[in-house]
Structure formats: C-alpha cells, structure tokens
Enquirer: 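Here it is, the structure, as structure tokens.
Throughout, a chain's letter reflects where its sequence line sits, starting with A, and its residues are numbered from 1. Values reported hereafter were calculated over all heavy atoms of this structure, with side chains retained and with hydrogens, waters and symmetry mates removed.
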Amino acid sequence: MPDTPSAVRRRLLAWYDAHGRTLPWRAAPGAARTDPYRVWLSEVMLQQTTVPHATPYFQAFTARWPTVVDLADAQDSDLMAAWAGLGYYARARNLLACARAVARDHDGVFPDTEAGLLALPGVGAYTAAAVAAIAFGRAANVVDGNVERVMARLHAVQTPLPAARPELKRLAAAYVTDDRPGDWPQALMDLGATVCRPKSPLCPSCPIRIDCAAYAEGDPGRYPLKSSKAQRPHRQGIAWVIRNASGQVALVRRPDKGLLGGMVGLPTSDWSETAPTDNPPLSGPWTEAGAIEHVFTHFSLTLAVRTAEGEGDYIWMAPKEALKALPTVFSKALTRGLGA
DNA sequence: TAATCGTGGGG
DNA sequence: TCCCCAAGATT
C-alpha cells in the first residue's frame with residue numbers, strides 16, 4: 001500500500017533532482033523560466049514519439065523558427081516538409097494552425113491557463129496540462145502513458161487499459177500540489193521512461209518501490225493490464241515513379257484529411273486488401289521496380305513500384321529534395337524506383 | 001466509445 | 001521475425 005502522497009512526492013522529487021534527464025527543451029536547473037513556445041513544441045513532437053526520434057526535429061525547428069510568430073509565418077509546404085519522417089502528420093497541420101491562432105488571437109503570447117491552452121488546435125488534455133505546469137507553474141494533473149503506467153503499478157490497478165484511464169487519472173490527481181508543479185510531472189515521466197519502464201522495470205533503482213503495490217506482488221512488469229487488441233489487416237497498392245526530361249520526380253499533394261494528410265506523396269492506386277486496379281496515370285511504358293513493405297498503426301502495406309518517363313500536371317521535385325519532403329513510406333518507394 | 005493516424009527501436 | 005510501444009488528439 002502506498003505511503004502518503006506527500007511522502008511519495010518527496011522521495012520522487014529528490015530522485016528527480018539527482019537523476020532527472022537533461023533534455024534540449026528542458027530548462028537547466030536554476031535557469032530562468034522555460035520558454036512556453038519550446039515547451040509546447042516539444043510536447044507536440046513527443047506525442048507518441050520517442051525522445052531520440054523527436055530531438056533532431058526539435059533542434060531543426062527551433063533553429064529555423066525561433067519563436068511562435070516565426071512559425072506562424074511559415075509556408076504550409078515548408079512546415080510539412082520539415083515534419084516529414086516524424087509521423088502523425090495531423091500534428092504538423094495542427095501545429096501551424098495553433099501557432100497562427102496564438103499569433104493572431106493572442107498577440108503571439110501563449111495562454112497561461114490549462115483551459116486557454118486546451119482551446120488551441122492540437123492541444124488536448126495532456127498537452128494543455130503539461131504546458132500549464134511546466135511553462136506556467138500551474139498545478140495541473142499531467143497524465144501521459146508514463147504516468148498511467150506508474151500509477152497502475154503503484155496502486156496495482158486491476159482494470160485493463162484503456163478502460164482504466166479515468167481511474168488512473170484520479171489516482172494521479174492525489175499527488176498534484178502547488179509545490180514544484182512543473183517538476184512533478186517531469187519527475188513522474190522521467191521515472192516512467194528510465195526506471196518504471198514498460199518492460200523490465202528497474203525496481204532496485206526506484207525511489208518509490210517501497211510504496212509500490214505491484215512491486216510488493218512480485219511482478220510489476222505485468223502492469224498496466226491491457227485488453228486484447230485487434231489484429232492488423234494487410235493492404236496492397238501501386239506507386240508510380242514518373243521522371244521528366246530534367247530528372248525530376250512527379251509528386252502530388254495529398255488532401256488534408258486522412259492518412260498522410262497534407263503531405264506530398266507519389267501518385268498511387270487505391271490501397272485495399274484486394275489486388276488494386278492497375279490504372280496508371282500515363283500510358284507508359286512502365287518498368288517494374290519491385291515492391292516495398294511498410295507498417296502503419298492500423299494496417300500493413302505492400303506497395304508495388306513502377307517507373308516511367310513523362311510529363312504532366314504534378315509537383316515536380318528533384319529526387320534529393322523529394323526524399324527529404326516525403327513521408328517514410330514514399331521515401332522507401334522512391335528510393336526503390338530510383339534504383340538506389 | 002472506438003477508430004484513425006506514422007515511425008523507428010528494442011526485446 | 002514479429003510484436004510492442006512511445007510525453008496523444010481528433011472525430
């Protein structure tokens with residue numbers, strides 16, 4: 001059974017002071033207030049994304065767009081290209097919408113309350129609480145996957161995810177106070193990332209293991225319990241690599257909604273679980289260039305790649321530039337089509 | 001509420 | 001090789 005919340009807080013914050021991570025978006029100990037723009041940008045980039053994957057993007061974005069107003073002035077196509085490879089592209093569209101809302105409706109200054117932040121595009125319950133706590137020192141209940149896992153173990157919650165979410169959030173709320181409101185969620189998240197890991201938790205290094213009901217049971221790694229997930233279907237399609245006389249590649253801008261929305265892509269057939277209708281955009285002749293495999297969150301894909309020379313009403317881009325602007329699935333297909 | 005929405009690393 | 005999963009938001 002956990003000790004009092006205040007005792008748990010004391011031990012975990014002491015651990016955080018000694019073992020907390022140094023991260024590019026995190027203010028150095030004793031430094032002046034964290035820049036809300038950097039906190040918000042990092043939080044959006046880190047949604048469902050690992051620190052090593054997001055870090056170079058954070059560095060590139062802050063170098064190119066040092067303030068939220070700079071970002072608001074960016075071209076849509078530049079922003080989307082800079083996000084290429086990071087995934088969940090709705091985040092990039094919402095990032096730009098949010099920057100423009102802050103610039104236009106808030107004089108370039110982020111709202112400093114949880115409710116104000118929550119009203120911004122792409123800012124949900126987690127991100128609003130995180131920015132309110134970390135950038136503005138608000139006593140917000142910041143609950144991400146790490147916090148859910150720590151709470152599920154600390155209290156040996158028997159309800160499986162995702163049904164356990166409300167209960168886990170209630171449990172987390174008991175630890176939120178006006179003392180060090182920004183450090184507390186970061187301490188919880190650092191613990192979850194480095195000690196209370198999804199697999200093979202490092203309980204001997206945990207500052208609150210004496211409070212942990214799952215540790216007392218002997219197998220904390222089995223928490224949080226999870227309900228079984230649906231299996232992933234497999235789809236197939238065709239991607240067409242068209243090059244003009246200058247060696248440029250034909251790209252299309254994908255519609256804002258749906259998969260890879262707003263990104264440039266190769267022209268493709270429909271992607272379905274049955275063989276695609278071969279309806280190429282040019283008469284050809286087409287050369288078979290093999291196929292690539294790619295796995296999305298809710299389906300896997302085999303994409304046959306065919307190449308031809310031609311002209312037409314496309315976005316024409318040099319291959320080197322295209323490879324940087326395309327989402328990964330199309331970078332793979334283009335690389336194959338180029339014979340690299 | 002449940003489905004949709006990427007990618008890369010690790011066990 | 002395959003499956004898990006990571007600082008979630010939106011509809």
Enquirer: Hydrogens and angles aside, do R91(A) and Q47(A) bring a side-chain donor and acceptor to less than 3.5 Å of each other?
Expert: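 The criterion, which ignores hydrogens and geometry beyond distance, is not satisfied for Q47(A) and R91(A).
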Enquirer: If hydrophobic clusters are built by linking Ile, Leu, Val, Met, Phe, Trp and Tyr wherever their side-chain heavy atoms come under 4.5 Å apart, do L154(A) and L13(A) end up in the same one?
Expert: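 Cluster IDs for L154(A) and L13(A) match.
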Enquirer: Can you give the first and last nucleotides of DNA chain C, 5' to 3', that have an atom under 4.0 Å from a heavy atom of chain A?
Expert: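 Under 4.0 Å from chain A, the extent on DNA chain C is dC4(C) to dT10(C).
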Enquirer: State which residues pass salt bridge (Lys or Arg N to Asp or Glu O under 4.0 Å) with R165(A); sequence neighbours excluded, sorted by chain then number.
Expert: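 R165(A): salt bridge (Lys or Arg N to Asp or Glu O under 4.0 Å) contacts with E148(A).
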Enquirer: Does anything in residues 179-208 of chain A come within less than 4.0 Å of DNA chain B? Heavy atoms only, and list the residues if so.
Expert: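 By residue number: none to list.
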Enquirer: Which whole number of Å gives the distance between the P atom of dT11(C) and that of dG6(B)?
Expert: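 14 Å, rounded to whole Å.
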Enquirer: Can any side-chain N or O of R153(A) pair as donor or acceptor with the backbone N or O of Y223(A) at less than 3.5 Å?
Expert: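 Present.
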Enquirer: How far, in whole Å, is dA7(C) from dT4(B) if one measures between their P atoms?
Expert: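 It comes out at 24 Å once rounded to the nearest Å.
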Enquirer: For residues 51-78 of chain A, which residues have at least one heavy atom under 4.0 Å from DNA chain B?
Expert: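 Those residues whose heavy atoms fall under 4.0 Å from DNA chain B, taken from residues 51-78 of chain A in numerical order, are H53(A).
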Enquirer: Given the rule that I, L, V, M, F, W and Y join up when any side-chain heavy atoms are under 4.5 Å apart, are I242(A) and L266(A) in one cluster?
Expert: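 No: no chain of side-chain contacts under 4.5 Å links I242(A) to L266(A).
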Enquirer: If you find the nucleotide of DNA chain C closest to D144(A) and the one closest to V123(A), which residue's nucleotide is nearer the 5' end?
Expert: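 Looking at DNA chain C, the more 5' nearest nucleotide goes with D144(A).
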Enquirer: Judged by modelled atom types alone, do R21(A) and T194(A) share a side-chain donor-acceptor pair under 3.5 Å?
Expert: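 No, because no side-chain N or O of R21(A) sits under 3.5 Å from a partner of the opposite role on T194(A).
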Enquirer: For the hydrophobic clusters of this structure (ILVMFWY residues joined by side-chain heavy atoms under 4.5 Å, transitively), does one cluster hold both F330(A) and L323(A)?
Expert: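 Yes, same cluster.
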Enquirer: When all nucleic acid strands are considered with a 4.0 Å heavy-atom cut-off, which category describes T297(A): base, sugar-phosphate, or nothing?
Expert: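 Base contact.
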Enquirer: Whether R235(A) and D270(A) form a salt bridge (side-chain N of Lys/Arg under 4.0 Å from carboxylate O of Asp/Glu) is what I want to check.
Expert: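 No, this pair does not count.
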Enquirer: Ignoring hydrogens and angles, tell me if any N or O in the side chain of Q236(A) forms a donor-acceptor pair with the backbone of H234(A) under 3.5 Å.
Expert: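 It does not hold such a pair.
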Enquirer: Donor-acceptor pair, R197(A) side chain versus L202(A) backbone, under 3.5 Å?
Expert: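 No, because the side chain of R197(A) does not come within donor-acceptor range (under 3.5 Å) of the backbone of L202(A).
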Enquirer: Reckon W40(A) touches a base, only the sugar-phosphate, or nothing at all at heavy-atom distances under 4.0 Å?
Expert: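 Here W40(A) touches no strand at all.
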Enquirer: By nearest heavy atom, map K332(A) and G258(A) onto DNA chain B; which one lands nearer the 5' end?
Expert: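 Its nearest nucleotide being more 5', the pick is G258(A).
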Enquirer: Could you work out, with ring-ring contact (aromatic ring centres under 6.0 Å, His included) as the rule, every residue matching W316(A), not counting sequence neighbours?
Expert: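 Applying ring-ring contact (aromatic ring centres under 6.0 Å, His included) to W316(A) gives Y314(A).
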Enquirer: State yes or no: are the ring centers of F296(A) and H298(A) separated by less than 6.0 Å?
Expert: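 No, the ring of F296(A) stays outside the 6.0 Å limit from the ring of H298(A), centre to centre.
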Enquirer: Taking R253(A) first and then D76(A), would you say they form a salt bridge - that is, a charged N and a carboxylate O separated by under 4.0 Å?
Expert: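 Here R253(A) does not pair with D76(A) in a salt bridge, since their nearest N and O are not under 4.0 Å apart.
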Enquirer: Heavy-atom contacts under 4.0 Å between residues 88-104 of chain A and DNA chain B, which residues?
Expert: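 Per residue number, the list reads Y88(A), Y89(A).
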Enquirer: S42(A) or P121(A): which one's nearest nucleotide on DNA chain C is closer to the 5' end?
Expert: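 The residue whose closest nucleotide sits nearer the 5' end is S42(A).
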